[in-house]
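Keep in mind that the numbers below use all heavy atoms, side chains included, and drop hydrogens, waters and symmetry copies. Whatever order the structure lists ligands and atoms in, that order sets their numbers, starting from 1. Residue indices begin at 1 and follow the sequence shown.
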Amino acid sequence: MIADPPSQLVDRYGRQVSYLRISVTDRCDLRCVYCMTPETRFVPRAQLLTLEEIVRLGRNFVALGVNKIRITGGEPLVRKNVIRVFEQLGALEGLRELTLTTNGTQLPRFARDLVSAGVKRVNISLDSLRPERFRRITRNGELHKVLRGIDAALGAGFERVKINSVILRNRNHDEVVDLVRFAFGRGMDISFIEEMPLGMIDDHDRAEAHYPSAAIRRDLADHFELIESAERTGGPSRYYQVRGHANRIGFISPHTHNFCDSCNRVRLTATGRLLLCLGQEHSMQLRPVLRAHPLDDAPVQSAIRAAMDLKPRGHDFQLGGIPVIARHMNTTGG
Ligand code: SAM
Ligand code: SF4
């Protein structure tokens, strides 16, 4: 494979930013207990970037050396006409990878169009295989819709479909073996995620519900032989091979393994705020720059470059107490 040119986006700590995550909406058809509260209000539509503005920003990031874009949310597939964003970003020269994180409910409708638009990999969130429990965690979500979405993704021709599971003590921690078997049985990798303290929630005490990745590995060790992989993706995941299986298990452990030193990513919210760190508020508003210069991308690129100086060294998640970060994951582009 030909090496990508170095990104022009370098922060004060010498980290090259080559990965952009775009939240195309903060809205969602589910309300997972760790992500939102039942009262969570969504941003008025007038404040959202238009689809054209999202594509324009994506194009400018790619011009500056970003080679991977992940579309996320909220639930990205509930945004009207969002497929246009995939089609236009997917056609950008210089973009090596266009990916999606979704809760899966809309995949029966969109999976084939996503593949046609050039999406090669998709992450689907699934925290439980038990309908009642799934309903409880997602506040009324229907498991069978997500399972249908997974089937649609597997049938549509993506290069990789991966499962993401947020694991909470006494809510779903006893399902990790079943979730691995489910994923492996369908040829999918799976990543287990520790809950992050983003925004106030009212469902549970995050410190009490914390279930560390190390505990998951211990639970899995009774059933699988895990072999730590040296592979690093520049991201927060640590991967393990499993003897006798082709698929891998990833762990995203913000509390027990700080991944900031190799951070290569920034996030764009649905309103056009560029977040330089998942766990800090350092940011720059790009929507006013876009609207002040509708026909000239030079000021947009200058603003993006300047924002790199705001990228903090790292996050400092605390398990207990009031979260330092008020925004929830659905507005963050998790
Ligand atoms: N709605 C889509 C989904 O659920 O996949 C995309 C957006 S969602 C915010 C992205 C990922 O963030 C999901 O895998 C979800 O489980 C995870 N997530 C949400 N809130 C979280 C939190 N507080 N801590 C850790 N992961 C969280
Ligand atoms: Fe929606 Fe995803 Fe948040 Fe669940 S985690 S409420 S599916 S945005």
Which pair of heavy atoms, one from G187 and one from N247, lies closest together, and at what distance?
-> O-ND2, 3.2 Å
Does one side chain, of T102 or E75, offer a donor that lies under 3.5 Å from an acceptor on the other?
-> yes
Those residues with a heavy-atom separation under 4.0 Å from ligand 2 are C28, L30, R31, C32, C35, M36, G74, N103
Under 4.0 Å from any heavy atom of M196, which atoms of ligand 1 are there?
-> 22 (C), 23 (N), 24 (N), 25 (C)
Check T101 against ligand 1 and report side chain, backbone, both or neither, counting heavy atoms closer than 4.0 Å.
-> both
salt_bridge(D127, R171) N-O dist < 4.0 Å = no
Show your reasoning for whether salt bridge (Lys or Arg N to Asp or Glu O under 4.0 Å) applies to D297 and R59.
-> CA-CA 10 Å; D297 282 340; R59 199 176 58 234; 3.5 Å; yes
For T102, the atoms of ligand 1 under 4.0 Å from one of its heavy atoms are 2 (C), 3 (C), 5 (O)
Between E175 and S128, a side-chain donor and acceptor under 3.5 Å = yes
In plain terms, say whether E53 and R56 are close enough for a salt bridge, that is, a side-chain N and a carboxylate O under 4.0 Å apart.
-> no
What class does the angle between the rings of Y240 and F251 fall in, given that below 30° is parallel, 30 to 60° is tilted and above 60° is perpendicular?
-> perpendicular
Find all atoms of ligand 1 within a distance of less than 4.0 Å from any non-hydrogen atom belonging to E194, and give their numbers and elements.
-> 25 (C)
N/O separation below 3.5 Å, L198 to ligand 1 | no
Run the salt-bridge test on R31 and D202 with the 4.0 Å N-O cut-off and return the result as yes or no.
-> no
N or O contact, T72 vs ligand 1, cut-off under 3.5 Å = no
Can you list the ligand 1 atoms lying under 4.0 Å from a non-hydrogen atom of E195?
-> 23 (N), 24 (N), 25 (C)
Would you mind telling me which of I190, D189, I216 makes a side-chain contact (heavy atoms from CB on, under 4.5 Å) with V180?
-> I190
Mind checking whether Y34 has an N or O less than 3.5 Å away from an N or O of ligand 1?
-> yes
What are the two closest non-hydrogen atoms of L126 and L179, and how far apart are they?
-> O-CD2, 4.0 Å
Using a 4.0 Å heavy-atom cut-off, say whether D127 meets ligand 1 through its side chain, its backbone, both or neither.
-> neither
Salt bridge R121-E97, side-chain N to carboxylate O under 4.0 Å = yes
Heavy-atom proximity to atom 8 (S) of ligand 1, best of G104, G73, P254 | G73
Nearest-option assignment for atom 6 (C) of ligand 1, heavy atoms, candidates S23, G74, P197 | G74
